[in-house]
Amino acid sequence: MPVSGQLFDNADRDGSERIGEGAVLFRARIASQAGEIVETLREITAISPFRHLVTPGGHRMSVSMTSCGELGWMSDRKGYRYTAKDPRTGQPWPAIPKLFSELASDAAAAAGFPDYHPDACLINRYRAGNKLSLHQDKDEEDCGHPVVSFSLGLPATFLWGGFKRSDKPKRLLLEHGDVLVWGGPDRLRYHGVLALADGEHPLLGQQRINLTFRKAG
Ligand code: MD3
Ligand code: FE
């Protein structure tokens with residue numbers, strides 16, 4: 001049975017929790033691969049480092065981001081979009097490592113989305129106080145494909161909203177190694193992350209890293 005942060009009385013025997021019609025949380029699913037994932041992330045961020053993006057409204061995002069994949073996510077005064085090249089380096093984004101894409105498609109299949117082949121992976125880094133305001137992910141061409149997310153490092157309170165920004169969100173604790181698959185009718189829900197609390201994680205120190213895999217193009 002899941003322990004902390006449980007909101008829904010729907011734990012399955014494999015430890016997964018269905019949190020919506022198209023959304024499944026697998027607690028600690030990738031915890032045993034986390035060391036290897038973090039090592040691989042260092043190779044990616046050596047090529048395309050974390051950076052703070054600016055929203056079209058001119059606000060600097062507190063979370064810092066980078067990407068890997070055929071497409072990477074970008075924001076600036078001109079808007080949100082996916083690009084084939086990292087605008088900071090002028091080079092293509094680093095490829096999605098095989099380890100990542102296999103773990104993501106295995107999780108998608110376990111949640112009922114077979115043949116998932118993401119072409120973009122957005123990597124978010126949270127430090128104490130960093131947050132992500134309620135938003136929808138709708139910059140992808142076909143929102144029929146799910147999003148798969150990996151949480152690593154410090155725990156964070158995830159906000160699981162409705163289909164209007166004003167719908168009051170539920171709260172869900174996302175911890176190290178958790179995998180969330182989010183598709184079907186839940187794909188366009190508003191969601192966000194509360195300000196990260198201080199802490200020290202044995203593998204990642206004072207930060208949380210979140211990877212979100214998407215089929216963007
Ligand atoms: C629900 N990231 O990168 S991951 C994002 O923890 C983002 O960094 C959060 O929202 C984070 O866009 C949340 C879980 C998640 C990701 C995508 C979703 C939940 C989602 C797309 C639609 C609905
Ligand atoms: Fe999002």
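A quick note: this is a predicted structure, and the numbers were derived from the prediction, not measured.
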**Study point:** Polar contact flag, side-chain donor to acceptor under 3.5 angstrom, Asp115-His117
**Key:** no
Point to revise | Partners passing side-chain contact (heavy atoms from CB on, under 4.5 Å) against Gln207 (at least two apart in sequence or in another chain) | key: Arg125, Arg127, Leu204, Ile209
Check your understanding: Members other than Leu134 in its cluster, when Ile, Leu, Val, Met, Phe, Trp, Tyr link by side-chain heavy atoms under 4.5 Å?
Key -> Leu159, Tyr190, Leu194
Practice item. Measure up the Trp182 and Phe158 rings against each other and bin them: parallel (under 30°), tilted (30 to 60°), perpendicular (over 60°). Key: perpendicular
Practice item. Among residues two or more places apart or on two chains, list those pairs meeting side chain to side chain donor-acceptor pair (under 3.5 Å) that have a residue in residues 92-101. Key: Thr83-Trp93, Lys98-Glu102
**Study point:** Under 3.5 Å side-chain donor-acceptor pair for Arg214 and Thr212
**Key:** yes
Review point. Val54: which other cluster members, linking ILVMFWY side chains closer than 4.5 Å, directly or transitively?
Key: none
Study note, to complete from the structure: Note: Ser64 and Phe50 closest approach over all heavy atoms is O-CD2, 3.8 Å
Point to revise | Parallel, tilted or perpendicular: ring planes of Tyr80 versus Trp73, cut at 30 and 60 degrees | key: parallel
Revision key, fill the gap. For residues 50-68, the salt bridge (Lys or Arg N to Asp or Glu O under 4.0 Å) pairs (sequence neighbours left out) are Arg51-Asp86
Review point. Do any pairs count as a salt bridge (Lys or Arg N to Asp or Glu O under 4.0 Å) and have a residue in residues 28-37, sequence neighbours left out, and if so which ones?
Key: none
Review point. Any ion pair linking Glu17 and Arg27 (charged N to carboxylate O, less than 4.0 Å)?
Key: yes
